[in-house]
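Any value given below was found using the heavy atoms of this structure, including those in side chains, with hydrogens, waters and symmetry copies removed.
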Amino acid sequence: MRMLASGIIMLLVLGLVNFYIGWHLWVLFQEWLPGIHAAAYWPVFLVIAFSYIIGRVPLPKALKPVGRLFKVVGSYYLACMEFAVILLPLTDLVYGVLALTGVGLSAFVTEAGATVLALLAVFLLWGSRNAWSTVVRSHRLKVDKSIGTSVPLTVAVASDLHLGNIVGNRHLRRMVSEINAMNPDIVLLAGDVLDDSIEPFIRNGMDQQLKQLKARYGVYAVLGNHEYYGGSIAQYTEVMKNIGIKVLQDEVVETSGVYVVGRKDKTAEAMEAGGRLSVEALLDGLDRTKPIIMMDHQPTGFELAARAGVDVLLSGHTHRGQIAPNHWITRRLFELDWGYLLKDKLHVIVSSGYGTWGPPIRLASRSELIKLEVVLEGSMSYNEEPVTSTAKAVLI
């Protein structure tokens with residue numbers, strides 16, 4: 001009942017917001033295209049406005065390409081909707097001020113409409129550039145534990161790939177190439193590899209692209225909330241296993257003297273009967289004199305991780321809001337919504353993610369990959385000797 005009530009409220013809010021946007025666009029069209037009829041305009045507008053929801057409706061196999069088209073169109077409309085929600089009230093405010101001051105408004109609709117559409121074009125172009133051109137952020141982390149080598153550990157991290165109908169093989173190939181160029185010891189995928197449905201991931205052979213990731217001591221992943229939403233966790237983990245990527249679900253792997261810990265996503269607390277293990281329970285029995293790197297998709301529980309002896313905590317989920325000014329909201333919701341934080345001896349890194357949810361648009365955030373140089377006790381400077389260890393990963 002609670003979910004049903006939430007869905008009804010969400011649809012009501014979306015309806016009101018889109019009526020507000022649609023009315024402004026209708027006024028502009030009447031100015032530019034005087035012969036347009038409401039019966040032709042409103043059905044088309046409403047289909048576009050709700051096309052993302054329409055695209056998520058299960059369809060027969062023959063109609064699935066139509067559903068994918070609706071989802072893509074709807075994704076871009078979501079970006080336009082957020083832009084409109086910010087700019088249209090400002091436009092109305094300017095109109096009200098000018099009306100009160102007695103300024104002539106005969107050309108206001110045309111001039112304001114042209115200005116808003118021009119700004120929208122800039123927003124979409126700049127946001128697309130931020131979404132598709134990736135930056136690599138490097139962090140040098142000092143951990144006072146040893147694995148018996150003087151060479152720092154190189155860890156490549158990618159979160160929130162959201163592979164699906166929009167973020168596809170082209171973007172994925174660039175990620176694989178960029179990560180392999182780091183020559184990493186370990187590759188970690190910190191959740192939301194899928195964008196809900198596993199169908200486009202399988203159909204487009206994206207698993208074969210991920211299979212090209214190379215790391216001395218293994219590639220590991222955890223679940224994000226979107227893997228839970230997609231409902232294909234068993235199939236997803238099996239596909240990943242077949243390409244050599246272990247999806248850790250409240251599990252620990254020891255590799256090259258380092259513990260890699262993977263928590264189930266926080267969504268498991270609501271969607272699985274057993275929920276998920278606490279950090280302390282997950283680490284029970286480990287030798288905590290060894291380095292502990294933990295992935296937890298949603299950036300929560302820093303204090304608990306620090307007390308449990310985790311050295312490095314890696315998260316994503318927030319996208320840093322993806323589109324400004326959403327980053328003001330994520331900043332309030334999380335202790336750290338993006339970047340780096342040292343909490344006691346715990347190094348916390350939250351990535352803005354590699355892919356995007358919904359529109360492939362970013363504003364005040366970037367598509368990013370993380371490169372960590374974990375400097376352990378006894379480490380010298382970088383690359384002073386080759387890594388010769390042949391240690392195998394052991395599942396605990």
Side-chain angles (χ1 to χ4, degrees), residues 6-54 70 72-131 318-333 337-338 352 356-366:
S6 299
I8 292 172
I9 292 171
M10 183 188 74
L11 286 174
L12 180 61
V13 171
L14 278 175
L16 292 172
V17 167
N18 282 299
F19 175 77
Y20 175 75
I21 296 170
W23 180 80
H24 282 79
L25 191 58
W26 169 243
V27 170
L28 181 62
F29 276 13
Q30 284 182 308
E31 187 75 19
W32 288 358
L33 303 169
I36 192 170
H37 293 287
Y41 166 77
W42 281 105
V44 173
F45 173 79
L46 290 173
V47 167
I48 293 173
F50 288 93
S51 55
Y52 190 82
I53 296 174
I54 296 170
F70 273 114
V72 171
V73 171
S75 294
Y76 278 98
Y77 178 77
L78 289 175
C80 296
M81 182 175 70
E82 179 157 353
F83 176 84
V85 166
I86 294 169
L87 213 60
L88 289 182
L90 294 176
T91 305
D92 291 340
L93 180 62
V94 171
Y95 181 89
V97 170
L98 292 177
L100 288 173
T101 56
V103 175
L105 296 171
S106 59
F108 181 85
V109 171
T110 295
E111 293 172 355
T115 301
V116 169
L117 291 177
L119 290 174
L120 175 62
V122 172
F123 161 74
L124 291 175
L125 289 171
W126 184 254
S128 180
R129 176 257 183 193
N130 287 344
T318 70
H319 295 214
R320 203 195 179 199
Q322 189 165 314
I323 299 175
N326 296 339
H327 62 299
W328 294 345
I329 299 173
T330 58
R331 190 183 301 167
R332 296 292 295 267
L333 292 176
D337 73 321
W338 173 72
S352 61
T356 53
W357 176 84
I361 301 294
R362 286 179 176 269
L363 199 64
S365 75
R366 290 291 299 272

So do the side chains of [X] and [Y] get within less than 4.5 Å of each other, counting heavy atoms only?
X	Y	answer
Thr330	His319	no
His327	Trp338	no
Thr91	His24	no
Val109	Gln30	no
Leu28	Val116	no

Polar side-chain atom of [X] near backbone of [Y] as donor-acceptor pair, under 3.5 Å:
X	Y	result
Arg320	Ala364	yes
Ser128	Leu125	no
Ser352	Arg366	yes
Tyr41	Gly22	yes
Gln322	Thr356	no

Exercise: identify the closest heavy-atom pair between [X] and [Y]:
X	Y	answer
Ser75	Pro359	O-CB, 3.0 Å
Val17	Val85	CG1-CG2, 3.7 Å
Pro360	Ala131	O-CB, 3.2 Å
Asn130	Ser365	CB-O, 3.6 Å
Ile48	Ser51	O-OG, 2.7 Å
Ala38	Pro43	O-CD, 3.8 Å

Kindly determine whether Tyr20 and Asp92 satisfy side-chain contact (heavy atoms from CB on, under 4.5 Å), including the steps that lead there. CA-CA 11 Å; Tyr20 175 75; Asp92 291 340; 2.6 Å; yes
Kindly assign one of parallel, tilted or perpendicular to the pair Trp26 and Trp42, based on the angle between their ring planes and the thresholds 30° and 60°. tilted
Measure the spacing between CG of Leu90 and CD1 of Ile86 and express it to the nearest 0.5 Å. 8.5 Å
Atom CG in Leu119, atom OG1 in Thr115: separation rounded to 0.5 Å? 6.5 Å
For Trp328, I'd like to know if atom CH2 has over 12 heavy atoms of other residues, nucleotides or ligands within 6.0 Å. no
For the pair Leu78 and Ile323, evaluate side-chain contact (heavy atoms from CB on, under 4.5 Å) and give the outcome as yes or no after the intermediate values. CA-CA 11 Å; Leu78 289 175; Ile323 299 175; over 6 Å; no
Among Trp357, Tyr76, Phe70, which residue satisfies the ring pair (Phe, Tyr, Trp, His ring centres under 6.0 Å) criterion with Tyr52? Trp357
Quick check on the 6.0 Å ring-centre criterion: do Tyr95 and Phe108 meet it? yes
When the aromatic ring centroids of Trp126 and Phe83 are compared, is their separation below 6.0 Å? no
Before giving the answer on side-chain contact (heavy atoms from CB on, under 4.5 Å), spell out for Asn326 and Glu82 the whole-Å C-alpha distance, their side-chain angles and the decisive distance to 0.1 Å. CA-CA 10 Å; Asn326 296 339; Glu82 179 157 353; 2.8 Å; yes
Give the C-alpha distance, both sets of side-chain angles, the deciding distance and a yes or no for side-chain contact (heavy atoms from CB on, under 4.5 Å) between Tyr77 and Asn18. CA-CA 11 Å; Tyr77 178 77; Asn18 282 299; 2.4 Å; yes
